[in-house]
> 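Structure below; questions to follow.
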Amino acid sequence: MGEKFFKYLTIIFLILISLPIILGFLWIFISTFSIRTFGLVPVDSTGHIGGLTFSNWKFLFDKTVWIVTFNTLILSIGLTAGVIFVSALAGYALSRMNFPGRKSILSLSLMLHAFPSITLLIAIYFVLRWISKIPVIGNGLPVIGGFGYDTLGGIILVSIALQLPLGVWLMKGFFDNVSWDMEMAALIDGCSRFRILWQIILPQIKPGIAALAIFSFIQGWSSFLIPYSFMTSASTATVATFLNSLLSESAPVNYGTLAAVGLFQLLPVLIFFIFTQKYLLNIFSGGVKGSS
Amino acid sequence: MEISLEHLTKKFGNVYAVKNLNLHIRDGEFIALLGPSGCGKTTTMLMIAGIYKPTEGFIKFNKKVINNLEPRDRSIGMVFQSYALYPHMTVYENITFPLKLKKVSKVEMEKECKKISQLLQIDHLLNRKPGELSGGQQQRVALGRALIKKPQLLLFDEPLSNLDARLRISMRRFIKEIQKEFGITSIYVTHDQEEAMAMADRIAVMRDGVLQAFTTADRLHDEPENIFVAHFIGNPPMNLIDAELIEENGKLYLYISRNIRVEVPERRKPKVFKRKIKFGIRPYDVEIAKGRGIPAKVLFVEFFGKELLILCKIGDKEIQVMAHPDLSFREGDAISLNFKDNGFNFFDPETDQSLLKR
């Protein structure tokens, strides 16, 4: 009986502490379909229960929201691809090879991770301005605009850099878990170093790559500070900055629309999470250990 | 394939992992590298495999120096302690992986795999993943992967250490049979002397990166090269007793204790005469004498396998003796002992080397 009691107690406790979050999401969901809300209850302009409406979703017919969504998608995908690519190669090198400066790279990158990115804003600004001066790469590329100041590519570049310490460490940890024996066996079987990485080792650390991809994608999708600082037209940069622009207008804030845009931003992450949570859970259940 | 290691040395930083190793392995021979952990046996094997580059010295295959040849060009197969199978591939893909890298045709691959897997009795497992197999089955798959490219040299790195005792013995025989059938030169790294004795034609005993002895199991038993080998090989270990050799009337006597002397048989006389020596004799080379013998006192009796291991005292020296379990002894009993002729071993207490050799 004691065990059962304890189990229920745990469940009640968990419900209690997650209640604020659940209520918050519930409020967002209800608000998006109502003119006003009184607590969690949708009300109309006179204060009676009711007043359900779709008018908050009008922004979907505005071209801006699709531009910012597209931009955010590019940012997220670019960030994810860049982080995975660089982290996997760097993690492999740091895990498997012995070269001068290996230790200092590891400790420095950890220090960088501890840096709040806001302290770097001004320095990054100068770097991006400098990149802008480079022809073509600066700001003459299709889709991402380039890698300089006031381009999507520039933001991707900065975001990747800030995400790398975490990525490199995570990847190094996963590579460390793959046994040397397997690599030696592959060498003797006739693999080249690169083929070993591609065909033998990377398949072992799929869960790690998936986790890093999810983290990076969500990071990119919700990133605010970097696009807000380095895009001159911040209101049309990403969904997060677009959301912010709704708040900061001099007109009274329309919480219904705000909630709708918020939900709109949330949805892709939720869907993405549903499809990838299998991999996320994989990490906690022991990563790679012999079995596939 | 004939293999020669000449002055082979490997340093990690300032530490010698292998020091000036000289070894000649004949074609088709099965040799074991035996030693406690950290003695350099695995390092030696990885140098032969081409994973490590020697710091000094040469590795020769069929009299040709191959120090800088890539592992894949050495025509070797290797079996690891951890099996090192690729967990994301099926057994079939694992076994045929070396052929796939050689760009062998699919038909050929299937034919070879069928042959090997039938031989190893794993042909019913080809569609499974390594994670779904038992340890013994995984090791057979690993062996199949090593054999399929028809290597000229097989390397085993403690392949049976992760298996349970009974399986180990059957796998031991299995590996030996396969090695004989294919006639492949094989090097087997192990820290288990029983395994080495059972399988290898010759055994190389290593310690701290230095080769201690390289000879057959019999010779390691009967005439160990030095005190380390004497103590390391054989279970229970050899008795090592501080004693003196004294020549009287043309005969050589071993004084174990002040008044207790034994005549040294002619063919076990040391090549170099020394007065103070360490006398070595294995517990099973000591007999309980029916009549007259060396007087001893029983200190302690214990069961050792299906025999008795008796700790005795001769004068002021302790000695362990094996006895038949039907004999009954009690602590304090007086018995007499007899040393078998070919059990005598003498070592130089300063250099630890056997005095029978030079």
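Order of the sequence lines sets the chain letters (A, B, ...), proteins ahead of strands, with each chain counted from 1. Since the model is a prediction, treat every value here as computed from it, not as a measurement.
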> Is chain A contacted by the side chain of B/L46, its backbone, both, or neither, given a heavy-atom distance below 4.5 Å?
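Looking at B/L46, just its side chain touches chain A.
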
> If I measure from the heavy atoms of chain A, does B/I51 come under 4.5 Å with its side chain, its backbone, both, or neither?
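The side chain, not the backbone.
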
> Among the options B/A84, B/A142, B/A146, pick out the one with the most heavy-atom pairs lying under 4.5 Å from chain A.
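Option with the top pair count is B/A84.
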
> Given side chain to side chain contact (heavy atoms under 4.5 Å, CB included), test B/R145 with A/D189 step by step and report yes or no.
CA-CA 8 Å; B/R145 186 179 63 183; A/D189 282 348; 3.3 Å; yes

> Could you state the interatomic distance from CE (A/M184) to OH (B/Y52), rounded to the nearest 0.5 Å?
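Between A/M184 CE and B/Y52 OH, I get 5.0 Å after rounding to 0.5 Å.
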
> Please check if the number of heavy atoms outside B/F12 that lie under 6.0 Å from its CZ is greater than 12.
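Yes, enclosed.
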
> Can you see which heavy atom on B/M89 is nearest to which on A/Q199, and at what distance?
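That closest heavy-atom pairing would be CE-O, 4.3 Å.
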
> Contact part of A/E183 toward chain B, heavy-atom cut-off under 4.5 Å: side chain, backbone, both or neither?
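When you check distances to chain B, no heavy atom of A/E183 falls under 4.5 Å.
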
> For A/G190 and B/L101, which heavy atoms make the closest approach, and how far apart are they?
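In this case the closest contact between A/G190 and B/L101 is C-CD1, 3.6 Å.
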
> Would you indicate whether A/F99, at its atom CZ, is surrounded by more than 12 heavy atoms from other residues, nucleotides or ligands within a distance under 6.0 Å?
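More than 12 within 6.0 Å, yes.
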
> With a sphere of 6.0 Å drawn around CE of A/M97, does it hold more than 12 non-hydrogen atoms of other residues, nucleotides or ligands?
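More than 12 within 6.0 Å, yes.
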
> Tell me if the NZ atom of B/K111 is crowded by more than 12 foreign heavy atoms within 6.0 Å.
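Result for NZ/B/K111: open.
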
> Please assess B/R72 against A/I188 for the test side chain to side chain contact (heavy atoms under 4.5 Å, CB included), listing each intermediate value before the final yes or no.
CA-CA 5 Å; B/R72 60 179 141 165; A/I188 290 171; over 6 Å; no

> Considering residues, nucleotides and ligands other than A/W198, do more than 12 of their heavy atoms fall under 6.0 Å from its CH2?
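12 or below, so no.
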
> Count the heavy atoms belonging to other residues, nucleotides or ligands that lie under 6.0 Å from CG of B/D164, then report whether that count exceeds 12.
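Counting neighbours around CG of B/D164, more than 12 heavy atoms of other residues, nucleotides or ligands fall under 6.0 Å, so yes.
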
> So A/C191 and B/F97, side chain to side chain contact (heavy atoms under 4.5 Å, CB included) or not? Walk me through it.
CA-CA 10 Å; A/C191 270; B/F97 191 62; 3.6 Å; yes

> Mind running side chain to side chain contact (heavy atoms under 4.5 Å, CB included) on A/I201 and B/Y86 for me, showing each step along the way?
CA-CA 9 Å; A/I201 308 226; B/Y86 313 125; over 6 Å; no

